[in-house]
Asker: 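Here it is, the structure, as structure tokens.
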Amino acid sequence: MRPTPFSTQIQSWYDKNKRDLPWRNTNDPYKIWLSEIILQQTRVVQGLPYYQKFIDSFPTVSDLANAQEQEVLVLWQGLGYYSRARNLHAAAKMVLSEFDGVFPTDYQNLKKLKGVGDYTASAVSSFCAQEPQAVLDGNVFRVLARYFNIDLAINSTPGQKYFKQLALDLLDKDQPGKHNQAIMEFGALQCTPKSPDCNNCPLNTSCLAIKHGKTDQLPVKHKAKPARMRFFNYLVKLDPDNNTQIQKREGPGIWQNLYEFPLWESDAAIDTHEVETYLNTHVTDKFVNLSRFNDKPKIHKLSHQHLYATFWILEIEKPITDPIAWQDLDKYPMPVLLTDFIKAFKI
DNA sequence: AAGTCGGGGGA
DNA sequence: TCCCCAGACTT
């Protein structure tokens, strides 16, 4: 079957404008999958160094499966959405246990892997096995919404169904992998979210958003509810040997399986006196000095939470019972809020 | 169907 | 400041 004019033009644009990215120079489904997990909700420039680190540390899916989760999380540190890293590791183990170490390339089996949803299964199966599956990511939503002037919300159920069918109708079944990569690259480089370069676009004569002057209003997306505020008081203990104490964050919630200093979450900003009261009733270590590291709360913004963090330095009288040497902190995966503090704090 | 899960960067 | 980024999972 002949590709649609849309696909032909997109692929022609792709031939001239595609970036040279490392995961485009391989057919190894393990590497393709790894790149797709890293790139979920993540810009290429941000994900690129992480991809290289993972390939260097774990050249094969067996290497990844045999690692400790903590190693994987340390490598993932700073990239966010840490469930991706936990699921990545679990999926690698599944490949060994359920697929005899052979990474699947078909949609149905890919979808069984933890962390692999419709997008990633479509991407890997179309790239590696030329399976006729249409990808639907933020780029594709934007390109299709504009080119066909569709105002269904991309984060509504009717919108998802409509765009999925449209993407499938447009797919070049003979070259689904190239088609999918082309439309995503087109969205990333040409049909950008803000101020797209429509004057220099090969589709500008047939684009319905341009025709109706609605390019800057598409795609339509329902707004997220505003973030909630949280107040984190980190108790940074230092004993006479310059050892400190950290603990693993258990689920549910943010930063599962990452480490942090002992945390007191309060329902408002706290002053020194209130911290002293808290310490006297909740912390058994005797401290010889208490000081506040940051005068104003450090604001750390996540998608759905705004964290107001204060670091309290506690000089402890006796050696800590479960000590961590300060210089060993980098062996533990931690959120950026804490690695920034550790970087700034000099003993 | 709505909420949750990070962090960074562009305008 | 707001929005988006090669989405997936839970409730």
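The figures here come from the full heavy-atom set of this structure, side chains too, leaving out hydrogens, waters and symmetry mates. Per chain, numbering begins at 1; letters A, B, ... match sequence-line order.
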Asker: Using the 3.5 Å cut-off, write out each protein N or O paired with an N or O of nucleotides 9-11 of chain C and the distance between them.
Answerer:
{"unit_1": "C/dC9", "atom_1": "OP1", "unit_2": "A/Gly115", "atom_2": "N", "d": "2.5"}

Asker: Rounding to a whole Å, what distance do you find between A/Arg84:CZ and C/dG7:P?
Answerer: 9 Å
Asker: Return the set of residues passing salt bridge (charged side-chain N to carboxylate O under 4.0 Å, His left out) with A/Asp239 (not counting sequence neighbours), or none when no residue passes.
Answerer: none
Asker: Rounded to the nearest angstrom, tell me the gap between atom CG in A/Leu302 and atom C1' in C/dC4.
Answerer: 16 Å
Asker: Using atom C1' in both nucleotides, what's the gap between C/dC5 and B/dA1 to the nearest angstrom?
Answerer: 23 Å
Asker: Hey, which of these two, A/Ser156 or A/Lys194, hits DNA chain B nearer its 5' end, going by closest nucleotide?
Answerer: A/Ser156
Asker: Can we call the ring centroids of A/Phe103 and A/Trp33 under 6.0 Å apart?
Answerer: yes
Asker: Specify the residue among A/Val336 and A/Thr157 whose closest nucleotide of DNA chain B lies further upstream toward the 5′ end.
Answerer: A/Thr157
Asker: Just wondering, do A/Lys164 and A/Ser122 contact through their side chains at under 4.5 Å, heavy atoms?
Answerer: yes
Asker: Let's see if you get this right: which residues in residues 29-52 of chain A place a heavy atom under 4.0 Å from DNA chain B?
Answerer: A/Gln41, A/Thr42, A/Arg43, A/Gln46
Asker: Kindly say whether A/Leu208 contributes a backbone atom to a donor-acceptor pair with the side chain of A/Arg146 at under 3.5 angstrom?
Answerer: no
Asker: Between A/Phe345 and A/Trp326, is the ring centre distance below 6.0 Å?
Answerer: yes
Asker: So, using side-chain hydrogen bond (donor to acceptor under 3.5 Å, both in side chains) as the criterion, who are the partners of A/Tyr51 when residues are at least two apart?
Answerer: none
Asker: What residues form a side-chain hydrogen bond (donor to acceptor under 3.5 Å, both in side chains) with A/Glu315, not counting sequence neighbours?
Answerer: A/Asn289
Asker: Are A/Tyr14 and A/Phe186 close enough that their ring centres sit under 6.0 Å apart?
Answerer: no
Asker: With P as the reference atom in both, quote the distance from C/dA6 to B/dC5 in angstrom, rounded to an integer.
Answerer: 23 Å
Asker: NA contact type, A/Ser83, heavy-atom cut-off 4.0 Å: base, sugar-phosphate, or nothing?
Answerer: nothing
Asker: For A/Asp169, check side-chain hydrogen bond (donor to acceptor under 3.5 Å, both in side chains) against everything at least two apart and list the hits.
Answerer: A/Gln165
Asker: Exactly one of A/Val95, A/Leu88, A/Leu75 should register a side-chain contact (heavy atoms from CB on, under 4.5 Å) with A/Leu64. Which one does?
Answerer: A/Leu88
Asker: What is the nucleic acid contact for A/Trp76, judged by heavy atoms within less than 4.0 Å: base, sugar-phosphate only, or nothing?
Answerer: nothing
Asker: A/Tyr14 OH to C/dA6 P: how many Å, rounded?
Answerer: 13 Å
Asker: Would you call the rings of A/Phe163 and A/Phe141 parallel, tilted or perpendicular if under 30° counts as parallel and over 60° as perpendicular?
Answerer: perpendicular
Asker: For DNA chain C, what residues of residues 170-193 of chain A have any heavy atom nearer than 4.0 Å?
Answerer: A/Gln181, A/Met184, A/Pro193
Asker: Does the ring center of A/Phe232 lie less than 6.0 Å from the ring center of A/Trp264?
Answerer: no
Asker: Roughly how many Å apart are C/dA8 and B/dG9, using the P atom of each and rounding to a whole number?
Answerer: 24 Å
Asker: Heavy-atom count around A/Lys53 NZ within 6.0 Å, excluding the residue itself: above 12?
Answerer: yes
Asker: Would you state whether a donor and an acceptor, one from the side chain of A/Arg24 and one from the base of C/dA6, lie under 3.5 Å apart?
Answerer: yes
Asker: Within residues 217-224 of chain A, find the residues that approach DNA chain C with a heavy atom at under 4.0 Å, and present them sorted by residue number.
Answerer: A/Lys221, A/Lys223
Asker: In whole Å, I'd like the distance from the CD atom of A/Gln160 to the P atom of C/dA8.
Answerer: 11 Å
Asker: Rounded to whole angstrom units, what separation is found between the CD1 atom of A/Ile154 and the P atom of C/dG7?
Answerer: 10 Å
Asker: Check the surroundings of atom CD in A/Gln108: do more than 12 heavy atoms from other residues, nucleotides or ligands lie under 6.0 Å from it?
Answerer: no
Asker: Following the transitive rule for hydrophobic clusters with a side-chain heavy-atom cut-off under 4.5 Å over Ile, Leu, Val, Met, Phe, Trp and Tyr, establish whether A/Val236 and A/Val336 coincide in one cluster.
Answerer: no
Asker: Just how far, in rounded Å, is P of C/dG7 from OH of A/Tyr82?
Answerer: 18 Å
Asker: Base, sugar-phosphate, or nothing for A/Asn155, non-hydrogen atoms under 4.0 angstrom?
Answerer: nothing
Asker: Can you find a pair of side-chain heavy atoms, one from A/Leu329 and one from A/Phe261, that are under 4.5 Å apart?
Answerer: yes
Asker: Quick check: is A/Leu79 connected to A/Val74 through a chain of hydrophobic side chains (ILVMFWY, heavy atoms under 4.5 Å apart)?
Answerer: no
Asker: Name the orientation class of the two ring planes belonging to A/Phe58 and A/Phe54 (parallel below 30°, tilted from 30 to 60°, perpendicular beyond 60°).
Answerer: tilted
Asker: As a test of understanding, state which of A/Arg24, A/Lys16, A/Lys18 forms a salt bridge (Lys or Arg N to Asp or Glu O under 4.0 Å) with A/Glu185.
Answerer: A/Arg24
Asker: Out of curiosity, A/Lys248 NZ to A/Leu73 CG, how far, rounded to the nearest 0.5 Å?
Answerer: 8.0 Å
Asker: Please find the earliest and latest nucleotides of DNA chain B, in the 5' to 3' direction, that have an atom within less than 4.0 Å of any heavy atom of chain A.
Answerer: B/dA1 to B/dG10
Asker: What is the distance from CZ of A/Phe141 to C1' of C/dA6, rounded to the nearest Å?
Answerer: 12 Å
Asker: Which dot-bracket string fits DNA chain B when only Watson-Crick or G-U wobble pairs with both atom distances under 3.5 Å count, crossing pairs get [ ], and | stands for a partner on a different strand?
Answerer: |||||.|||||
Asker: Using a strict heavy-atom distance below 4.0 Å, which residues from residues 254-268 of chain A are in contact with DNA chain B?
Answerer: A/Ile254, A/Trp255
Asker: side-chain hydrogen bond (donor to acceptor under 3.5 Å, both in side chains): which pairs involve residues 78-106 of chain A, sequence neighbours left out?
Answerer: A/Thr42-A/Arg84, A/Asp106-A/Asn109
Asker: Write down the distance between NZ (A/Lys112) and P (C/dA8), rounded to a whole number of angstrom.
Answerer: 18 Å
Asker: Name the one of A/Phe311, A/Phe341, A/Tyr259, A/Phe293 that satisfies ring-ring contact (aromatic ring centres under 6.0 Å, His included) with A/Tyr234?
Answerer: A/Phe311
Asker: What interatomic distance, in whole Å, is found between C1' of C/dC9 and the corresponding atom of B/dG8?
Answerer: 23 Å
